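First the structure, in the form of structure tokens, and then the observations on it.
Chain A is the first sequence line, chain B the second, and so forth, proteins listed ahead of strands; every chain is numbered from 1. As the structure is a prediction and not an experimental result, all values here were calculated from the model.
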Amino acid sequence: MADSMQTVPILEVIAHQAELKTFILPRILDAAPGQFVAVWLPGVDEKPFAVSADGPETIQITVKAVGPFTRRLLNCRPGDRLGLRGPFGRGFTLMPDSLLIGGGIGNAPLRLLAQRLTERGLRYTWLAGARRAADLPFLGELQKNPAVRLFTDDGSVGHPGTVMTGWTDALAATPTPPRLVCGAGPEPMLLAVREAARLHRLPVELSFERYMKCGIGLCGQCCLDGSGLRLCVEGPILTEEQMQGVTEWGLPPRGPSGRRPATTPKATRP
Amino acid sequence: MADSMQTVPILEVIAHQAELKTFILPRILDAAPGQFVAVWLPGVDEKPFAVSADGPETIQITVKAVGPFTRRLLNCRPGDRLGLRGPFGRGFTLMPDSLLIGGGIGNAPLRLLAQRLTERGLRYTWLAGARRAADLPFLGELQKNPAVRLFTDDGSVGHPGTVMTGWTDALAATPTPPRLVCGAGPEPMLLAVREAARLHRLPVELSFERYMKCGIGLCGQCCLDGSGLRLCVEGPILTEEQMQGVTEWGLPPRGPSGRRPATTPKATRP
Amino acid sequence: MNPLAVRVAGVTFPSPLVLASGVMGLSASSLKRVADAGAGAVTTKSCGLEERKGHPCPTLLPFEHGLLNAIGLANPGVDEMAGEIAEFQARSSIPVIASIFGRTEAEFGEAAARLLARVRPALLEVNVSCPNVGSEFGQPFAADAAASARITGLVKARAGHVPVAVKLSLMCPSIAQVAKACAAAGADAITAINSVGPGMLIDPHVRRPILANQVGGLSGAAILPLAVRAVWDIARTVPLPIIGTGGVARPEDALQLILAGATAVGIGTGVYTGGLEVFGRINSFLADWLDREGLRSLDALRGAAHPARSQEAHHG
Amino acid sequence: MNPLAVRVAGVTFPSPLVLASGVMGLSASSLKRVADAGAGAVTTKSCGLEERKGHPCPTLLPFEHGLLNAIGLANPGVDEMAGEIAEFQARSSIPVIASIFGRTEAEFGEAAARLLARVRPALLEVNVSCPNVGSEFGQPFAADAAASARITGLVKARAGHVPVAVKLSLMCPSIAQVAKACAAAGADAITAINSVGPGMLIDPHVRRPILANQVGGLSGAAILPLAVRAVWDIARTVPLPIIGTGGVARPEDALQLILAGATAVGIGTGVYTGGLEVFGRINSFLADWLDREGLRSLDALRGAAHPARSQEAHHG
Ligand SMILES: Cc1cc2nc3c(=O)[nH]c(=O)nc-3n(C[C@H](O)[C@H](O)[C@H](O)COP(=O)(O)OP(=O)(O)OC[C@H]3O[C@@H](n4cnc5c(N)ncnc54)[C@H](O)[C@@H]3O)c2cc1C
Ligand SMILES: Cc1cc2nc3c(=O)[nH]c(=O)nc-3n(C[C@H](O)[C@H](O)[C@H](O)COP(=O)(O)OP(=O)(O)OC[C@H]3O[C@@H](n4cnc5c(N)ncnc54)[C@H](O)[C@@H]3O)c2cc1C
Ligand SMILES: Cc1cc2nc3c(=O)[nH]c(=O)nc-3n(C[C@H](O)[C@H](O)[C@H](O)COP(=O)(O)O)c2cc1C
Ligand SMILES: Cc1cc2nc3c(=O)[nH]c(=O)nc-3n(C[C@H](O)[C@H](O)[C@H](O)COP(=O)(O)O)c2cc1C
Ligand code: FES
Ligand code: FES
């Protein structure tokens, strides 16, 4: 059973930056773009990561250091064993003329999406943004891809500004309006993409994150307020329709105890 | 799983004689000729019975009253529910020019064998014997079948005498010598068939019975002395080769405790 | 009349199927989603006095025959949970069962009091049987009939008119004797069973237990026969309604627990193995079954596998 | 040197795989057949002073995740079994473990004495934990550490130089504490675990428990995690060799029990789910595994999943 634990040796590590690496692992499971796996670092913890690419015998995950687990993971070397299970959740729809919008590490799942679209000969445009060049994984690869436009807040690479600034250009440049907007990245960015898509009446699928423990819809940790939708099963990719039942956008998310931190003054229920 | 218990309603009961009936049951399992099922009479016990025929949606078992369980079973009527599991064990080889030799209720598994041989267009001769007509199931059916020769000890039907008396005639009457001798019936008869087949250098497959509890090779109840062969798994149909490793032929069989009753003076180890 | 309706300690559940504690039980919205899927009652995650983050992951480990879990009683604390319960009650008419635990016997009483000061659930469920916090709390209280009875008494003293179900573990010489002790101490219902063991699975390559907590409670299909037997034994021993729980994923599983004596049937792991549709699927099956047998309620099936009753009605 | 050889209480088993008691264990010939299939030791069916026919059938009930059994200790009696053991010993060099039980504490001692007066098995296994004769004998002794220790003492007093393994049940608050009490009373080894529960399955159509005995012990794949944890706990608590038993059908299952601390690995239900080839298959796997890890015996793997040792050798 794919949901049961299997450990595998790391085959290769690609260091994009000191704090950003891609791990190449044996392909013991098949993931759709947007689906994620749980990665177990024996003796440490287990955390969710999107699959960022695959080959006939390998899958890749791309990890950014943000805390204790990801830092330990980035210290792993080829030959070290990781536990792997999944894939969990539901992925992006594969649609011709997709518009991919990624922020920082959110470009990881979009990379597998771009790979699948290419494999099927489906056209897409990919707006890949980050705060700075160091936050963009696979920079070389992205720069070589004619379907990609790069954005950094600090202008260190690509166009200066956020991906949202590329939005109007992208709509103008594509011969037909995109048939699907696929977004992954920080939640404020996603909510902005959602808003923009609503304005342009474009269908949208966005990849959200919540604290996750089980990945199989039991622990209740990732259930969204309002509809009670489980991000690990019915997500992490949500359609506009799925997003509508949710009342917690903009609120600080629930932590590992299930408690939502007290609302900061700025946040408001939409 | 076929080994787990399922209860089914009895569809039809055919009374051959007061003490001999055939039960028609829904076909929840597929048996090869010689294989057996376990029949559970809720609140009473569970015992092994060979499958004696099948149809597209039914299987049949044919039961002779010999003790408390079989007597209770013979009182069951259409609509009553029996538990059924199996099939257990290994069956007869389907071979053209088979010689079937059955004694009494032993003709039950041979009936399914004859059915299968007929279905495949394979020729056979069937010597069906019993002590008296009342011990022969499906008498009408047998009498109509040109491949069958009947024998009763008391001559109440068919040729008088044992099936063994038909043996030489049968060998003479068939154009080619039988390519396989298939026997089922009381153990002394089986051992006689074995001996005769050895004399004529004919391959033989015989259906034996031992006290059985589990049917799946665990309880150890049906293991034969010598080779330790499990009659419920490697049998109940044994080849000459399988019979050779066995040292208990002629001994009173082990009972439900696993103990072999003290040897009666007559019995000797062959 | 709804033929599937059952009464547990005076509370009517529109279906016998109950969401078991610890599954999708952290928020009003997820409880509501399960209620909408067809559950006749929903149970919250077990809550204690303090917020707990639980154990590191892996906390949940499916294998071919069931699931090990060592969530470690992650919960937002009773005060927060009271808010979720209130929100649920505002949004749904399905009864909600509030599950509580304590690290000490006294804490059970305090947790009950703190919760009930804020909200009035349909039932209170007292989890004396969590198998995966042993390293921290020691053996589950449910291993000890006297301790379970004392806790029952402490909670009853604070519960007022809210009926109290005690959730038991199989990991003791006789679950029926523990149930009897709890009944004597005033329990209004018994929930049985909690996950079993605990158990452990080891990855041979890294030579470590896979769960961060090393051990975790066994639930799911593997434990169905244990749950059926537990319900059977309890039903023979105490006259309380039983929320029979353990390994239910298929309609026949629920029916077995009812025939063994359960009034209601808890479903936890079945939400994973059978999907959220598990509630609707089993409801339809039970309704059809009643129809086919010409019965107007589940009453005639409850405990019907016990000899005294079954001999009158059914012969082989 | 045979890399798979292990020593249990001074007795060398050429493979760690042991035929568990109650499976193909009634006759010399069937034990011999299992020895020939690759078992490193074979255990007889548990025998008592008197011949017993056991419960009516169904006595054994496979379901998707394991097996319920309520054979009811059918056995020919120790005197008869002594004859089978002698015959086995004349035909095989594989150690034979004689399993005994008693209806009372005193009967255990008598059964041991009667058996040993006739034959000298490699080990004596004391089954204090049969879960399916409760209606007749009451709770298994193994639920009670003191009773288990007394029985151990009684058997040891009669056993002379034959080492004694005590077979334990999980159905108690702490199996490790029972093991400790038995160790203090002189046990030379622990066998763990016996089948679990008991459990029950009900046929909804006839509304009856399927087993004639109503309840039966749960074995097979469903209980592997419980066996791994039991062995883990016992290994941490007592320094005795453990015959880890429960749910083993695949090579990795056996390895998990060894990593948890078992010296030998019992296989019962696996003879059904994996066929008699299960012994040969696991032996080859273990030999290959040792080879690949560059190890000359199983010693380095035994208990290797325990933190103290694993932290030295293995990081994530
Ligand atoms: C569906 C999904 C896909 C993801 N894909 C990727 C990816 O491809 N690459 C990548 O680098 N990161 C990905 N993440 C985020 C990644 O799981 C977190 O960065 C990681 O868990 C942080 O752990 P930490 O101990 O390093 O940091 P911590 O200091 O523990 O936490 C930092 C932040 O990470 C998040 N986080 C921590 N634990 C969890 C958890 N169990 N579940 C969800 N979020 C958590 C929280 O927002 C937290 O504030 C994904 C998360 C989800 C839910
Ligand atoms: C593989 C196999 C196939 C069989 N096929 C048929 C069949 O097609 N038709 C038929 O009528 N009978 C068949 N039998 C025999 C049938 O199982 C017994 O007649 C029945 O079990 C008798 O039970 P009882 O309570 O009526 O009699 P009892 O008085 O209990 O026993 C009478 C005799 O039946 C045999 N017997 C009893 N219990 C068992 C048991 N659990 N396992 C094996 N033998 C037992 C013993 O020889 C015993 O001496 C078969 C037996 C086996 C092993
Ligand atoms: C992920 C998970 C978390 C659980 N948490 C709790 C809990 O907090 N309190 C409790 O009483 N039982 C808890 N349980 C036990 C279940 O409520 C239930 O008793 C047990 O899992 C057996 O039922 P099942 O086989 O249907 O899952 C939990 C079970 C699982 C699988
Ligand atoms: C059919 C059967 C009969 C058993 N009989 C005995 C017995 O007589 N004595 C005993 O100590 N254990 C007995 N057991 C328990 C097994 O020896 C073993 O401890 C248990 O089944 C768990 O191992 P498994 O999962 O490999 O079967 C029996 C088990 C089965 C399945
Ligand atoms: S992570 Fe457990 S329900 Fe989603
Ligand atoms: S009947 Fe149990 S081993 Fe054959």
- Query: Can you check salt bridge (Lys or Arg N to Asp or Glu O under 4.0 Å) on R33(C) and E234(A), steps first, answer last?
  - Reply: CA-CA 13 Å; R33(C) 184 139 181 259; E234(A) 286 89 28; 3.0 Å; yes
- Go through the steps to decide whether E87(C) and R260(A) satisfy the test salt bridge (Lys or Arg N to Asp or Glu O under 4.0 Å), and finish with yes or no. CA-CA 14 Å; E87(C) 183 187 331; R260(A) 187 184 302 290; over 6 Å; no
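Proximity to chain C (any heavy atom under 4.5 Å) is shown, for R230(A), by both the backbone and the side chain. In this structure, chain C has no heavy atom under 4.5 Å from any part of V8(A). No part of P204(C) comes within reach of chain A, as not one of its non-hydrogen atoms sits under 4.5 angstrom from that chain. Using a 4.5 Å cut-off between heavy atoms, S227(A) contacts chain C through its backbone alone, with no side-chain atom that close.
Atoms CG and CZ, from L60(C) and R85(A) in turn, are 7.0 Å apart once rounded to the nearest 0.5 Å. Rounded to the nearest 0.5 angstrom, S257(A) OG and K45(C) NZ are separated by 11.5 Å. A distance of 8.0 Å separates CG of L218(A) from OH of Y272(C), quoted to the nearest 0.5 Å. Here the straight-line distance linking atom CE of M5(A) with atom CD1 of I202(C) works out to 14.0 Å at 0.5 Å rounding. If you take CE on M24(C) and SG on C223(A), they are separated by 4.5 Å, rounding to the nearest 0.5 Å. To the nearest 0.5 Å, the span separating CZ on R259(A) from CD on E51(C) amounts to 4.5 Å.
When every heavy atom of L26(C) is checked against every heavy atom of R254(A), the shortest pair comes out as O-NH1, 4.0 Å.
For the pair R91(C) (side chain) and G226(A) (backbone), a donor-acceptor distance under 3.5 Å is present.
Of the residues considered (L31(C), T269(C), D36(C), L276(C)), L276(C) shows the highest number of contacts with chain A, using heavy-atom pairs under 4.5 Å. Ranking V34(C), L201(C), N75(C), T59(C) against chain A, the residue ahead of the rest is N75(C), based on heavy-atom pairs under 4.5 Å. Chain A forms the most heavy-atom pairs under 4.5 Å with one residue out of E84(C), K32(C), M81(C), and that residue is E84(C). Comparing G217(A), C222(A), G258(A), C219(A) by how many heavy-atom pairs each has under 4.5 Å with chain C, the most go to C219(A). Ranked by heavy-atom pairs shorter than 4.5 Å toward chain A, the options P209(C), A212(C), P58(C) are led by P58(C).
With respect to P42(A), the side-chain contact (heavy atoms from CB on, under 4.5 Å) criterion is satisfied by exactly one of D203(C), V206(C), I210(C): V206(C).
Heavy atoms of other residues, nucleotides or ligands lying less than 6.0 angstrom from CD of E57(A) number 12 at most.
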